[in-house]
Amino acid sequence: MPNPQDYNLSEGALETILSGGDYPSAVMQVLGKKLIHSGAGDKERVRILLSDGKHTFSYAMLTTQVNGRLGPNGIEDNGIIRIEKYITSMVNNSTGQARVLLILEADLVVAGSEVKGKIGTPEPWTDKGTANSSSSRINGAPKKVETPSKVVDSPVISKPISKVSMDTSMNFDGSLIHPISSLTPYQNRWVIRARVTGKTPVKTWSNSRGEGKLFSFDLLDESGEIRCTAFRDLVDKFHDFLQVDKIYYISKGQLKMANKQFSTLKHEYEITINNDTQIQECKDVKDSDIPQVQYNFVPFDKIPELEVGTIIDAIGVVKSVGELITFQAKSTQRELKKKDVTLIDQSSTTIDLTLWGADAENFDAPNNPVVVVKGAKINEFGGGKSLSTLVSSNMSLNPEIKECYRLKGWYEREGGAVEAKNLSARSGNVASKWMTFKEVKDQKLGQSEKGDYYRTVGTILIIKAENFLYQACPSAECNKKVLDMGNGMYKCEKCNREYPNFKHRFLASINVGDNTANQWMTLFHPEIEKILGMTAEEVGQQIENKEEINNIIERATFRELIFTCRAKIETYNDEARLKTVCIRIEPIDYEEYNQYLVDQIQQLTG
DNA sequence: CCCCCCCC
């Protein structure tokens, strides 16, 4: 049996806490646990048997988040924890009212496996009848928020204590402000007091299940954060009313499982606003009593270490702003607008941030402001990284936070002139490796998913002119081959519509020889225009004139150029074949190429 | 009740 002297349990702490007192940083032992499955969700809450060495108490609960921090699989039996934040509540059960201790924040002091059993001989604690008051309401809260005349199914905070700043400024008498982290679908009477840390624009949708509009907003208090969504007429009621950064009382609403795929907020549930929801601005607390939105900024130079698709918070000085670009999304055919903003941070690294829609149109950034984005997505294209805002992202210019002042100061002192590494630069060295066709084959390049890139100096031997021009969809961004309907219309199956016209595009196979072997490769439109020195439209005008087409092909053949290629092994009918795509054709830079040859000679001669 | 988050 463990020696009680070895473990400083806070004897008597349970008595203090359960009588409504404050006991900061109580050290207690967890003697047992029981998972309480909350029905719909895949997460569970944990009910624990707690001991302070003098008493035990079995109506103690850990929130999922707290439990997760107490060990890889949550708290173990016999583990010793330090309780930093908690609330006590009265709830109804089969035998009347029972007191519940909800632990909001705790640290692991000693792992359960290191403690050999129960410490001391604690006795079960018994409540000597300290019922909480229940006929009060919150000062300043919406009038329609009524305290239940008797406690029904909701835990009611009898005294939020220990480091819960909610209580220091609370001038309500013994009733019901709930920490956000305690909200579950199984209690429908609650009031939270929280800051709106962000809200989305109104979005309308239309699909097979109907149509409507919605917006969502994020709430933050001392205990945690949660996303709320309002639909249809409730959008009109609350969208303009709610202002980012302000503090509100919110009561009632439907709790449902949060889909983690679409939110990075650390809460198991989300709130759907309904007709019972009351929201009123809170003017009776100091602004500093409710935490500000918290950022977890990732220095730009650490972004390459993160997985593509990760959502991060970013801060950077605007170094330059790109043009507004309008194009059609291939997948939805919707017209999209984007603008790339290049940001720099104190790691002397730049990265492009892509803004969309109205954000892109409205973005104007004179005098190198600091941009802060909560919830930007990491993207990758052509070997370069970029950030992109999502509808759920929150962007602000020059927010009044210390990181912003620090970065601005750095930029003015030195950052504006520093030579920065650009994360958004595409490819470059992935394709810079010189190799011959023979080396590519011998070394079996092209095994990887993305293929392997290399450059070689080669000569165009054959340009396959049959079908090297096709009739493509005329819409700006779609280059799909169209179907001639024979009635003057051309059908694009990708756009799913017919057009009265088409545009010419190139797609061809060419055979290239370098000084080791020759290789068939696919060449796309822009590179073919380059080698022919003519546009597809110009060639298209003369497509019936075989002789002229032959002349065009002949003029382009036997030219020596640099071919940047992607090699990828693909399997057809169980047979692996090397597929080569030429992604770029350039004239030979003899200075660079000679250097490569000199290096080769030096390697051969040692 | 959305849940798409886009492009080169």
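Just so it is clear: chains get the letters A, B, ... in the order the sequence lines come, proteins before strands, and each one is counted from 1.
Here B:dC8 presents its C1' atom at 16 Å from CG of A:Leu355, a figure rounded to the nearest Å. Here B:dC4 presents its C1' atom at 20 Å from NZ of A:Lys213, a figure rounded to the nearest Å. Counting to the nearest Å, the P atom of B:dC5 and the CG atom of A:Asn379 are 11 Å from each other. For the pair A:Asn479 CG and B:dC7 P, the computed distance is 14 Å after rounding to whole Å. The nearest whole Å value for the distance from the CZ atom in A:Phe231 to the C1' atom in B:dC3 is 10 Å. Put simply, CG on A:Leu265 is 15 Å from C1' on B:dC3, counting in whole angstrom units. Rounded to whole angstrom, the span from the CH2 atom of A:Trp356 across to the C1' atom of B:dC5 amounts to 8 Å. Distance, A:Leu234 CG to B:dC1 P: 14 Å, rounded to whole Å.
In the set B:dC7, B:dC3, B:dC6, B:dC3 carries the atom at the smallest distance from any side-chain atom of A:Lys256.
For the OP1/OP2 pair of B:dC6 and a distance below 4.0 Å, the side-chain nitrogens and oxygens of A:Lys377 include at least one atom meeting the criterion. Checking the phosphate oxygens (OP1, OP2) of B:dC2, a side-chain nitrogen or oxygen of A:Arg209 falls inside 4.0 Å.
By the 5.5 Å and 30° criteria, A:Phe381 is stacked with the base of B:dC8.
A donor and an acceptor atom, one from each side chain of A:Asn496 and A:Lys491, are nowhere located under 3.5 Å apart. No hydrogens or angles considered: a donor-acceptor pair under 3.5 Å links the side chains of A:Asp352 and A:Thr342. Side-chain atoms of A:Thr580 and A:Gln519 include a donor-acceptor pair closer than 3.5 Å.
A:Lys339 comes within 4.0 angstrom of nothing in the nucleic acid, heavy atoms only. Residue A:Glu335 is out of contact with every strand shown, counting any heavy-atom pair closer than 4.0 Å. Counting any heavy atom pair closer than 4.0 Å across all strands shown, A:Thr229 reaches a base atom.
Aromatic ring pairs are classed by plane angle as parallel below 30°, tilted from 30° to 60° and perpendicular above 60°; the pair A:Tyr295 and A:Phe297 is parallel. Note on ring orientation: taking the six-membered ring where Trp is involved, the planes of A:Trp434 and A:Tyr596 are parallel (angle under 30°, cut-offs 30° and 60°).
Side-chain atoms of A:Lys338 and base atoms of B:dC7 include a donor and an acceptor less than 3.5 Å apart.
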